[in-house]
Amino acid sequence: MKTTTTQLIETAKELGLLEEEFHQICKHLDREPNFTELSIYSVMWSEHCAYKNSIQWLKTLPKKGPHMLVEAGEENAGLVDIGDGLGCAFKIESHNHPSALEPYQGAATGVGGINRDIFTMGARPIAQLNSLRFGSLELDKTKHLLKGVVKGIGDYGNAFGVPVVGGEVHFDASYNTNPLVNAMSVGIVKTDKIISATAYGKGNPVFIVGARTGKDGIHGAAFASKDITEDSTDDLPSVQVGDPFMEKLLLEATLELADKDYLIGMQDMGAAGITCSTSEMSAKNGAGMNIYLDKVPTRQKNMQPFEILLSESQERMLVVIKKGFESDLQAIFEKWDLASAQIGEVTDNGTLSYYMNNELAAQVPAESLVLGGGAPVYEREYKEPAYYKQAQDFDSTSIKEPENLKQVAEFLIAHPNIASKKWVYEQYDSMVGTRNMTTNMPSDAGIIDLKENQKALSMTVDCASRYVYLDPEKGAAIAVAEAARNISCSGAIPSAITNCLNFGNPYNPEVYWQFVGSIKGMTKACTSFNTPVTGGNVSFYNQSSIKGEVEAVFPTPTIGMIGVLEEKKLATGLSFKKAGELIYLIGRPADEINGSEYLYSYHKEKLSKTPRFELSEELNVQTTIQKLIRLELVESAHDCADGGLFVSLCEMGFHNNLGFQIELSS
Amino acid sequence: MMLYDLEITNFSSMKFGVVTFPGSNCDTDIQDALHLLDQKVEMLWHKDTDLKDCDAIFIPGGFSYGDYLRSGAIAQFSPIMSSIKAFAQQGGIVMGICNGFQILCESGLLPGTLLHNSNQKFICTNAFIKAEQQNTLLTTESKDVVLKIPIAHAEGRYFIDQKGLEDLKKNDQILFKYCDAKGQINTQNNPNGSIENIAGVCNITKNVFGMMPHPERACDALLKNTDGARILKNLISSVQEIKA
Amino acid sequence: MTFKAYINIMPQKAILDPQGEAVCNSLNSLDFSINQVRVGKRIELNLNASDVKQAEQLAEKACKKLLVNQIMESYSIEIQKV
Amino acid sequence: MTFKAYINIMPQKAILDPQGEAVCNSLNSLDFSINQVRVGKRIELNLNASDVKQAEQLAEKACKKLLVNQIMESYSIEIQKV
């Protein structure tokens with residue numbers, strides 16, 4: 001019984017495609033798609049892979065920079081030239097929704113995925129950071145999510161053997177049911193050894209290496225109904241499980257492979273697994289592939305073509321090598337006890353042909369699937385929300401100064417958003433690799449010793465999401481400025497950023513207004529700090545329904561920034577070293593409490609303007625700090641951020657148990 | 001703290017082996033630390049059996065076989081371990097650090113076992129340790145000295161039965177104990193619940209050593225802590241004397 | 001009366017069990033010939049209850065509330081009178 | 001024939017079992033009244049053997065060689081024909 005067009009359109013909708021997108025598919029194929037082809041388009045044209053509701057604005061972000069080796073979007077991660085023939089690959093990504101479902105595995109697979117994006121380019125990950133946002137700490141749900149996420153990040157990262165050198169944890173009611181788990185990884189690669197995610201050369205073999213493929217990550221009603229195996233849904237794994245041990249083997253094996261001239265291209269299997277890697281690697285060069293799905297090593301019996309194509313099982317890579325070196329590749333993976341199987345070969349007709357037991361299961365033009373190719377691009381309308389005006393009109397001078405200031409100080413210093421997060425980061429190995437220079441010298445940024453040369457690398461991850469809520473454009477500019485400030489205080493010069501844009505539903509005009517404002521703010525700040533955007537990811541639909549009403553989380557454009565220290569001795573800590581040192585405040589203090597933790601948590605004033613912020617002034621302050629450090633006049637430097645001057649001074653005193661005496665009038 | 005510069009020459013023929021298991025991730029850290037101390041290093045793959053006539057063998061930290069089942073439970077069966085057992089039985093010097101200590105206990109080369117930390121969490125921090133005695137190749141130079149050495153583990157709680165504990169004391173096999181900055185040994189500064197704060201032990205013939213803290217993570221002055229170099233230099237000079 | 005509740009908690013059938021695979025590979029490298037290994041938890045509760053039925057209900061509630069991650073694990077309970 | 005060997009591995013009585021204590025405390029904080037909790041491992045082997053006896057011997061050997069650390073753990077084996 002031939003499925004009628006109306007039935008196909010119904011299935012397309014179940015798969016999350018619009019009717020109009022169904023007709024576009026028919027134009028690409030100049031025929032109607034079968035179910036497997038429809039499911040391929042549904043994942044490749046999903047928000048997650050195609051960025052259809054955000055790419056139009058992402059393109060406006062500054063991508064050019066003095067030392068950019070690879071520009072945003074060209075490869076799996078951004079790549080910055082750090083001199084002496086070395087490049088730095090770094091990226092940040094979100095795993096918010098899987099972590100809300102199963103915190104431990106959601107966070108663990110997030111760490112696994114972001115590290116694969118780095119070593120797929122031939123770079124060895126040398127440091128990790130993470131940015132976590134949870135609901136209020138009083139809720140049992142928050143405690144459950146926090147415990148699972150921290151243990152998941154720790155267990156995966158510690159076993160994988162890459163130190164966590166920085167990060168942030170914030171608590172706010174807006175994240176009560178939808179936590180944000182953003183993981184960042186930083187790797188080093190020789191500039192002549194960069195591996196591209198590409199495929200070319202008719203007849204060259206295509207391999208899948210690493211873990212076996214299971215029915216992981218195939219969700220949604222459309223698939224469940226299609227599952228006709230006898231034990232039906234109870235063999236659909238509810239959650240993907242990460243295996244850090246397998247990932248470590250995959251890292252070592254792929255880096256050994258990356259050294260070989262016969263390697264043509266490599267890409268890790270992230271969202272949409274085999275479908276995404278085969279299409280993106282082919283589209284890059286106008287190549288195509290014949291893929292024999294029955295050759296893919298599977299973990300579960302009688303998997304169907306669409307299940308193998310869409311599976312998001314972890315710890316797998318797609319590799320294309322020159323014909324004739326098949327046994328060389330297999331020897332490397334055997335050494336590391338990893339599976340490797342040839343599942344097809346490259347063609348030059350730009351078409352992806354997927355066979356199952358020599359029967360054609362699906363045939364689609366690679367170009368039509370990918371971002372920048374046939375994937376649709378949409379414009380969304382946006383509108384200023386009512387709360388914005390109220391926030392701008394708020395007069396912070398109306399707040400009466402409380403009598404007992406000591407009690408206010410104690411309240412702030414103990415507030416979960418300000419107090420030390422040692423109880424979290426002590427569960428991460430921050431020292432493996434013996435490169436972390438901040439183990440015995442706390443600093444505003446993680447500082448990594450580049451053993452390969454005389455330099456060091458600074459890195460940080462920041463976002464004051466409350467400021468972005470109060471004023472998206474200014475708040476996002478502040479997020480970039482704060483990241484740059486941390487890099488400058490650590491002794492480095494800001495170099496480039498990656499970003500993880502966590503927002504609500506793009507079809508809600510007020511949410512999209514927050515998104516557009518953030519992009520504009522980031523563009524201004526990145527241009528003036530000369531820190532181009534090297535890539536990252538977008539996560540929409542972060543929201544919770546309270547009393548039936550859907551509410552977006554705070555708009556959170558998390559900024560991951562790296563900076564270079566030309567000499568290791570420039571590394572600067574944030575702690576007072578000994579009594580008698582002079583304390584200077586650089587930059588004009590504004591006598592105002594707008595947007596402060598004090599106003600928000602102590603006085604419970606939710607709406608106000610952001611703190612005063614002038615981009616040119618900020619730039620001036622930072623270049624001054626950078627000069628002072630290079631003149632070796634600075635013993636320690638610390639930025640004034642959450643909690644203001646008082647909290648910054650306390651933080652400078654803790655490590656060496658020192659106090660401070662300041663003259664407020666000066 | 002001034003870097004303790006025990007006089008060591010680069011005895012040209014001396015060579016140290018460092019084993020790499022699938023899942024080891026501190027093997028290159030030990031290699032880098034030994035290079036900082038001007039020593040020759042040979043990396044040994046767990047599937048081989050040739051120890052390439054190294055003078056002493058390091059079994060590094062990490063998560064061999066993902067720490068699955070029990071830390072070190074699976075690594076003990078790698079081909080290299082049979083050569084290391086024979087090497088140790090003939091008096092060869094073997095040092096296991098963190099996962100290496102767990103592997104030596106699982107393979108029976110060291111007494112006792114390492115259990116999950118009492119707070120059921122992974123812990124990474126600086127710990128203070130003190131040598132229990134001065135008559136092993138590792139501790140001759142650390143009389144009444146408190147050393148700040150990093151720890152990073154989830155299964156670091158040393159356990160041994162009562163009889164075994166008495167033997168350890170009788171034969172002077174306890175290497176280090178966790179203490180505070182001033183050298184006080186008590187439960188507050190026991191990071192993982194180890195019996196009597198034990199951080200490291202050696203075998204009865206004092207040629208196989210195991211400790212949970214990572215000396216190789218405190219050897220580079222750039223990281224502002226070189227207490228670990230003191231322990232490794234002590235071992236290097238002891239091996240030198242045996243070779244001389 | 002006191003009862004012993006023995007609770008077996010195993011990963012769900014379809015879910016990847018990396019630990020089970022590692023143990024299976026290791027056993028087979030020691031010349032065993034094992035088709036599959038699955039590793040889970042065994043929890044013993046010593047509890048007071050008026051009868052077997054109530055002991056079972058208590059154990060069931062403990063599993064649902066805390067002991068079992070129902071998204072990923074399945075469990076079974078055996079009760080013994082002490 | 002294929003058999004299923006169910007192996008229960010528990011910490012020996014003498015050894016402090018902080019995990020068991022932690023689980024017991026959190027259960028009691030949820031208004032259960034549990035006297036004691038002990039947490040161990042449950043390992044399932046799917047293996048081929050000519051008869052039940054041989055299956056049991058195989059499982060026994062696997063426990064002694066790898067699955068059990070005899071210093072601190074005790075174990076029991078149940079065999080089921082599949």
Side-chain angles (χ1 to χ4, degrees), chain C residues 1-13 17 19-50 54-55 57-69 73-80 82, chain D residues 1-13 17 19-50 54-55 57-69 73-80 82:
Chain C
M1 286 182 292
T2 43
F3 291 85
K4 268 260 174 84
Y6 297 96
I7 302 167
N8 299 324
I9 304 173
M10 298 303 289
Q12 283 163 10
K13 193 165 66 63
D17 175 11
Q19 180 159 227
E21 278 187 21
V23 171
C24 189
N25 295 341
S26 176
L27 281 175
N28 290 338
S29 72
L30 298 167
D31 312 327
F32 286 84
S33 75
I34 312 280
N35 308 328
Q36 194 199 29
V37 173
R38 292 177 67 231
V39 178
K41 278 178 264 186
R42 167 90 165 176
I43 299 186
E44 254 176 52
L45 303 183
N46 180 311
L47 47 87
N48 302 331
S50 48
Q54 201 213 2
Q57 275 157 0
L58 262 174
E60 188 72 31
K61 214 170 127 228
C63 287
K64 288 220 164 39
K65 229 141 179 350
L66 179 72
L67 302 179
V68 178
N69 175 343
E73 293 169 335
S74 50
Y75 65 97
S76 63
I77 298 173
E78 303 146 40
I79 302 283
Q80 256 175 26
V82 168
Chain D
M1 287 181 291
T2 43
F3 290 86
K4 269 262 173 88
Y6 298 97
I7 302 164
N8 299 325
I9 305 172
M10 300 304 288
Q12 278 162 10
K13 291 265 183 313
D17 174 13
Q19 187 171 15
E21 273 171 32
V23 170
C24 192
N25 297 342
S26 34
L27 278 176
N28 290 338
S29 70
L30 299 167
D31 321 327
F32 286 86
S33 72
I34 313 281
N35 311 329
Q36 195 204 23
V37 174
R38 292 177 66 229
V39 178
K41 279 176 230 161
R42 168 93 167 170
I43 299 185
E44 247 177 60
L45 304 183
N46 178 312
L47 48 86
N48 301 331
S50 44
Q54 202 212 2
Q57 274 158 0
L58 263 173
E60 188 73 32
K61 206 169 139 241
C63 287
K64 286 219 162 47
K65 193 85 167 115
L66 174 67
L67 301 180
V68 179
N69 179 330
E73 290 169 335
S74 55
Y75 65 96
S76 63
I77 299 175
E78 304 145 41
I79 302 286
Q80 253 177 28
V82 166

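Every chain is numbered from 1 and lettered A, B, ... according to where its sequence line falls, protein lines coming before strand lines. Note that the structure is a prediction, hence the values are computed from the model and not measured.
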Self-check item: Part of I7(C) lying under 4.5 Å from any heavy atom of chain D
Solution: neither

Practice problem: Supply the atom-to-atom distance M10(C) CE to I43(D) CD1, rounded to the nearest 0.5 angstrom. | Solution: 8.5 Å

Quiz item: For K65(C), what residues pass the side-chain hydrogen bond (donor to acceptor under 3.5 Å, both in side chains) criterion, not counting sequence neighbours?
Solution: none

Quiz item: Under a 4.5 Å heavy-atom cutoff, which of K4(C), Q19(C), Q36(C) has the most pairs with chain D?
Solution: Q36(C)

Practice problem: Nearest 0.5 Å please: distance from the CG atom of N46(C) over to the SG atom of C24(D). | Solution: 9.0 Å

Exercise. May I ask you to name which of T2(C), V37(C), N8(C) has the most heavy-atom pairs under 4.5 Å with chain D?
Key: N8(C)

Practice problem: Mind checking the CZ-CG spacing from F32(D) to L47(C)? Nearest 0.5 Å is all I need. | Solution: 10.0 Å

Practice problem: Kindly compute the distance separating CZ (R42(C)) from OH (Y75(D)), expressed to the nearest 0.5 Å. | Solution: 15.5 Å

Quiz prompt | Part of L67(D) within contact of chain C (heavy atom distance under 4.5 Å) | solution = side chain

Quiz item: Once you round to the nearest 0.5 Å, how far does NZ of K61(D) lie from CG of L30(C)?
Solution: 8.5 Å

Quiz item: Can you tell me how far CZ of R38(D) sits from CG of L45(C), rounded to the nearest 0.5 angstrom?
Solution: 12.0 Å

